[in-house]
Amino acid sequence: MPELPEVETTRRGLSPVVIGKVVRSVIVRVPKLRQTIPAALPDVLVGQRILDVKRRAKYLLFCCTDGTLLLHLGMTGYLWMVFNSAPPGRHDHIELIFDDGSILRFNDSRRFGTLLWIEDDPLEHSLLAHLGPEPLDGALNGAYLARLAQGRKLCVKAFIMDQSVVAGVGNIYASEALFRARILPQTPAGQLHLTQWQALRDAIKTVLAEAIAAGATTLHAFRKTEKPLGYFPMTFKVYGRAGEPCPNCGRPLLVEKIGQRSSYYCCRCQR
DNA sequence: AATCGCGCCTGACGGC
DNA sequence: TGCCGTCAGGCGCGAT
């Protein structure tokens, strides 16, 4: 599920229900995620108070008393809060039980997720240190993208999905942003002009911000409800719409694999 | 140095 | 009904 907007929506939904709580116990049912969860993790977590929940790219950072619990939702991961002792479901691999009895559960059917404890500055950790600028922070601009893309032959779509270039853009929002910026996803990154990079930067910001806004409107519904966090209804202009008419010109939208990922676009509106 | 393709997993879906 | 192939919103790794 998660690209930046879904992770951010999860963070916003989670913050009011976990900040300030102390971990009373931890259950690890299935330790074998992308990296196997160390057997010592529960002991490390018990007694930790959650001071804040932050996000970097698609990672969630639970800032605790003595360190940071880093979580990546992978492809299918989600979190949900349990307030009444609802039984765990299939693929509820890990849970944190808090001092007030509430439970945070991590469900991940494909187990591409990552969960690890970091004692030092998490931003210096190898998983986070290489990440590019946050697209909504203002650090991202057209000149930066143009400079990084210089001489690169990689398709622009794969380029903006590179987390060391921009943090948080995944397969859906890459297609959506390129459509909005009217750029063909197959274009080698090094061939784009500065004005196109500026348009693409604007488009990335717009599609992500709109998705976060859509997520925010559903957030009140998550409070005190036992549902997966971070899911919200979202309609896309091109993603998943091969064969349907382009919302601009009416031509059938196309789909093509670029770097092993399905990419949706309009061959008339995007150049 | 940059790029490609694979593997990690399970589940849903369509064709036969 | 079952079996099989394909596809799925991610990412790091090794080979080229």
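Below, all heavy atoms of this structure are taken into account, side chains as well, without hydrogens, waters or symmetry copies. Proteins come first, then strands; the chains are lettered A, B, ... in the order of their sequence lines, and each starts at number 1. Note that this is a predicted model, so its numbers are computed, not measured.
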Would you please confirm or rule out a distance under 4.0 Å between OP1 or OP2 of [N] and any side-chain N or O of [X]?
X: A/Thr76; N: B/dG11; answer: no
X: A/Arg261; N: C/dG9; answer: yes
X: A/His72; N: C/dC11; answer: yes
X: A/Lys58; N: C/dG9; answer: no

Original post:
Does any residue of residues 143-153 of chain A have a heavy atom under 4.0 Å from DNA chain B, and if so, which ones, in number order?
Top reply: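 Of all residues in residues 143-153 of chain A, the ones placing a heavy atom under 4.0 Å from DNA chain B are A/Arg152, A/Lys153.
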Subject >> Stretch residues 87-96 of chain A: residues that reach within less than 4.0 Å of DNA chain B through a heavy atom >> reply: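 Residues of residues 87-96 of chain A that come under 4.0 Å of DNA chain B are, in numerical order, A/Arg90, A/His91.
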**OP:** Using ring-ring contact (aromatic ring centres under 6.0 Å, His included) as the criterion, list what pairs up with A/Phe159, not counting sequence neighbours.
**Re:** A/Trp197
Original post:
What residues form a ring-ring contact (aromatic ring centres under 6.0 Å, His included) with A/Tyr265, not counting sequence neighbours?
Top reply: none
Original post:
With pairs taken as Watson-Crick or G-U wobble and both distances under 3.5 angstrom, which stems of at least three consecutive pairs involve DNA chain B?
Top reply: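 DNA chain B forms these stems: B:2-8 with C:10-16, B:10-16 with C:2-8.
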Subject >> Partners passing side-chain hydrogen bond (donor to acceptor under 3.5 Å, both in side chains) against A/Arg55 (at least two apart in sequence or in another chain) >> reply: A/Glu8, A/Glu134
Original post:
Could you state the CD-P distance from A/Gln35 to C/dC13, rounded to the nearest angstrom?
Top reply: 9 Å
Original post:
Starting at CZ of A/Phe159 and ending at C1' of B/dA1, how long is that distance when rounded to a whole Å?
Top reply: 14 Å
